[in-house]
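Structure first, commentary second.
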Amino acid sequence: MTLPLSKTASTPAPDDYVLPNRLTRDHACRGPRFGDDVWDLGEFFPRTAASGRIDFLRFEAGLHRQTAKEFIYSRLRRRTGRTHGPMKPTSAPAQCTRLVSLFRDLREVGIRRLQDVEAGHLEALVARWEAQGPHAVVSKVNLLKHLSGHGPFLTGDRLAIVPWPHRSAKQVAKLETQRENSTPRIPEEIMRPLLSAALFYVQVASRDLLAARALLERLREEQPKNDIELVQTRGRLDAFIAERRALGRGMPALPIEYRGRSSAAVVDGVVQAPNMRMTAMLIGAHRVRRLRREIEAAGKELGWEEGGLAIPMSRWPDSGLPWRSELSAASLASELVHLRTACWIVIAYLSGMRDMEVRELGRECAFTEPGADGRTRYKIKGRVFKGRKLTGDEAEWVVLDVVHQAAGVLKRVNDDPTHLFGTWIGEKIGYGLFSDVSLRLNNFQQHLNELFGVQSEPYIPLPLVDECTDEEAVDDAELDQEAADDAGTGLVRPWWFDTRQFRRTLAWHIAHQPFGVVAGTRQYKHNAFAIFEGYAGTSASGFADEVASEKAGALLDYVEDLYHDHNEGGRSAGGAASRVAVDFDRIRAELGDLPGTVASPERLRAALRHLTRTLHPGILNDCFHHAETAVCGKRAKSLGRPLPMLNACLACPNARRSSVHLPGMARARDLAAEEFACADNVPTFQRIAIEEHLSTLTQLIVELRDEEGMPA
């Protein structure tokens with residue numbers, strides 16, 4: 001489709017502010033102006049944003065630079081058609097980079113101006129982009145569509161045609177739309193040891209590292225600021241060597257990280273050269289360079305050893321041995337980075353927060369609240385940014401106590417006054433934020449294999465199949481994908497972690513629990529159940545088959561527990577209780593599962609399997625669903641499917657209650673009574689209904705109590 005070039009739009013004035021007033025209202029300044037060749041928006045971005053600089057000097061001076069400025073300016077302030085709102089400023093730097101690439105691609109196909117682009121050129125461009133992958137095609141095609149949509153606001157140059165007017169970018173790229181998220185779930189055999197090690201770092205190793213840091217700080221404070229006399233330094237060194245000889249210890253060795261500075265050999269991972277700086281601190285001298293010959297002679301006599309910070313290391317549970325050797329200043333710095341990574345894993349995985357949400361947490365993000373049942377609720381307060389305004393929206397996540405422990409460790413490790421994951425970089429930079437998380441996750445995996453792997457077996461096992469690359473193209477994850485591509489090829493290699501996998505894995509575990517979709521939608525701050533279902537994986541795919549398989553196994557385990565409870569004399573009630581009891585008694589008789597005998601577990605599970613086809617476990621009762629007698633289905637004829645109905649299950653012929661439901665029923669009754677007691681001016685019929693509901697719950701609880709048990 002060809003468009004006539006309309007009357008030239010008005011050009012923004014050089015002094016016009018780039019950002020709309022609504023985005024700068026709470027800031028001291030309005031930000032860059034249109035006439036600037038570099039727009040620095042960093043002040044208005046979250047600290048996790050990679051860069052806030054938009055450098056238009058990368059464009060040719062004149063027409064291209066003017067067009068780029070007008071396009072970015074328009075996208076920040078205006079919608080693109082009816083489906084795309086104004087661009088978030090955090091996306092502007094990446095959009096500018098793509099525009100630079102597009103202009104370069106146009107030049108390579110012989111086009112200098114946008115208005116000269118024809119349909120044939122578009123197909124030539126797509127052919128070039130296909131070599132970069134379908135997601136590159138999608139991003140570039142979308143850019144052209146945005147350029148066309150904002151054409152009326154470009155004064156010097158604009159597209160004269162509408163690119164692919166009746167096809168979406170994914171259709172142009174021949175990319176199928178996937179209803180569920182394609183980020184791979186971390187396999188259980190990999191996630192289990194990784195999380196165990198992260199918890200060990202947070203709960204145990206952190207104490208050793210903080211103690212070592214305190215010792216290092218004390219040694220540095222006690223170290224003389226100026227040179228002392230050589231005789232005095234020699235005396236302190238002689239005393240130190242004598243002490244090491246008496247203890248049977250070697251001299252502090254150069255950290256393995258600095259082995260490139262020395263031509264010395266490395267024996268059993270220890271550099272055969274002195275750590276001069278650590279030796280100086282340990283003997284309380286400013287410099288020991290003049291005594292290097294004596295130190296090297298002592299090393300040849302006593303040997304060399306890692307460390308220098310004499311802090312006893314805690315035991316690693318699997319081996320009962322210290323979790324690592326003694327620390328040096330360099331290895332301590334490295335371990336503190338790994339400790340921050342472990343804290344990130346614990347917080348991200350056990351909360352479901354996105355990477356950006358985790359790293360934007362404030363120092364006072366952790367708090368507790370009493371729950372309705374009297375137990376303490378551990379919560380994290382932060383901000384959600386995806387799909388929200390630039391500054392994000394406040395949100396809360398319910399977490400485990402160990403997440404609060406991780407937050408407490410970070411408060412002691414990091415000294416940033418505002419952010420939990422911030423730390424002091426230096427005078428030139430100031431406070432920096434924990435970054436390159438995917439790279440740090442994989443470095444942490446390698447470090448764990450070096451620390452805890454045994455007999456050439458890695459601590460984090462190798463996956464059996466190569467499914468660690470993520471085919472989902474997300475703008476802010478392009479760097480992660482490139483790193484994954486560079487990690488190597490082959491069917492067996494270390495799992496490549498990226499930040500989205502942790503949230504994805506937890507979603508899977510939540511989603512296949514009873515009421516998991518509701519809980520996951522709330523925990524993940526999704527706007528609709530369908531979004532979380534797609535994220536966790538529920539469509540007709542291999543992933544959903546895996547969910548179904550796991551759910552079937554969990555149901556069979558649950559039925560087996562019900563069977564054993566029945567055999568041991570456990571009470572049951574409800575419309576389906578007698579029907580299920582007959583089934584259980586029949587199976588017991590067929591298998592000879594009598595006192596003093598043990599039925600074959602395989603035969604028992606095979607005999608119980610048919611019950612899982614109709615079983616739906618619940619909080620107040622289990623449903624062994626039969627459509628012809630289900631109360632919930634009698635009033636749902638118009639929709640053609642059963643619907644849950646308030647209180648319908650309590651009197652349904654398909655319901656069965658046992659001791660497992662007593663806590664939930666007692667809690668439901670107590671909460672209802674508590675709410676009812678606080679309600680004033682309740683209408684008569686509503687009061688009667690509530691009283692009948694409480695009476696019903698009380699009666700159902702009594703049915704399940706042992707005759708000698710406490711009254712309800």
Side-chain angles (χ1 to χ4, degrees), residues 512-518 529 538 547-548 551-591 593 604-669 672 685 688-705 712:
H512 82 285
Q513 299 298 320
F515 307 106
V517 172
V518 177
F529 296 153
T538 56
V547 174
K551 186 175 181 180
L555 279 176
L556 191 54
D557 292 341
Y558 184 73
V559 172
E560 190 174 358
D561 290 341
L562 295 180
Y563 170 81
H564 289 306
D565 180 67
H566 173 80
N567 266 9
E568 294 167 4
R571 299 169 67 90
S572 63
S578 59
R579 171 160 50 92
V580 175
V582 169
D583 253 350
F584 284 164
D585 290 339
R586 175 184 57 79
I587 292 170
R588 179 173 58 185
E590 289 178 357
L591 299 181
D593 191 10
L604 174 61
R605 290 175 72 85
L608 293 171
R609 192 177 304 277
H610 73 284
L611 290 171
T612 64
R613 298 170 188 166
T614 59
L615 172 61
H616 302 276
I619 302 299
L620 301 183
N621 58 252
D622 297 328
C623 173
F624 288 85
H625 187 75
H626 280 201
E628 60 273 12
T629 58
V631 175
C632 62
K634 294 180 179 180
R635 300 184 185 179
K637 302 299 182 183
S638 59
L639 292 179
R641 68 176 187 271
L643 295 174
M645 297 172 58
L646 183 63
N647 295 344
C649 294
L650 299 183
C652 181
N654 295 331
R656 181 185 186 272
R657 292 172 288 277
S658 59
S659 58
V660 72
H661 300 105
L662 272 174
M665 296 176 66
R667 174 170 159 73
R669 180 196 60 182
F685 289 111
I688 292 172
I690 296 175
E691 288 176 346
E692 288 183 352
H693 178 60
L694 287 172
S695 176
T696 300
L697 286 172
T698 300
Q699 181 60 35
L700 295 178
I701 292 172
V702 170
E703 290 179 355
L704 294 175
R705 298 283 187 183

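It should be emphasised that the depicted structure is a prediction, and the values quoted were computed from it without experimental measurement.
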- With E703, which residues qualify under side-chain contact (heavy atoms from CB on, under 4.5 Å), at least two apart? A573, R657, Q699, L700
- Task: List in chain and number order the residues that pass side-chain hydrogen bond (donor to acceptor under 3.5 Å, both in side chains) with D622, two or more places apart in sequence or in another chain; answer none if no residue qualifies.
- Result: Y558, H661
- Message: Using side-chain heavy atoms (C-beta onward) and a distance below 4.5 Å, is P653 in contact with V631?
- Response: yes
- Sequence neighbours left out, what passes salt bridge (Lys or Arg N to Asp or Glu O under 4.0 Å) with D565? Give chain and number order. none
- Query: Would a distance-only check, ignoring hydrogens and angles, find a side-chain to backbone donor-acceptor pair under 3.5 Å from S695 to E691?
  - Reply: no
- Message: Applying side-chain contact (heavy atoms from CB on, under 4.5 Å), can you list everything that pairs with L620, at least two apart in sequence or on another chain?
- Response: M665, A668
Side-chain donor-acceptor distances from residues 604-611 under 3.5 Å, at least two apart:
unit_1: R605; atom_1: NH1; unit_2: D557; atom_2: OD1; d: 2.9
unit_1: R605; atom_1: NH1; unit_2: E560; atom_2: OE1; d: 2.7
unit_1: R605; atom_1: NH2; unit_2: D557; atom_2: OD1; d: 3.1
unit_1: H610; atom_1: ND1; unit_2: A607; atom_2: O; d: 3.0
unit_1: H610; atom_1: NE2; unit_2: D583; atom_2: OD2; d: 3.1

- Name all residues meeting the side-chain contact (heavy atoms from CB on, under 4.5 Å) criterion together with L694; count only those two or more places apart in sequence or in a different chain, and write none if there are none. R669, A672, A673, F676, I690
- Message: Taking side-chain contact (heavy atoms from CB on, under 4.5 Å) as the definition, give me every residue that meets it alongside D561, ordered by chain and number, with sequence neighbours left out.
- Response: none
- Message: So V580 and S572, do their side chains get closer than 4.5 Å, heavy atoms only?
- Response: no
- According to the interplanar angle, ranging from 0 to 90°, do the rings of H566 and F584 count as parallel (below 30°), tilted (30 to 60°) or perpendicular (above 60°)? tilted
- Task: Taking N654 for its side chain and H626 for its backbone only, find out whether a donor-acceptor pair lies under 3.5 Å.
- Result: yes
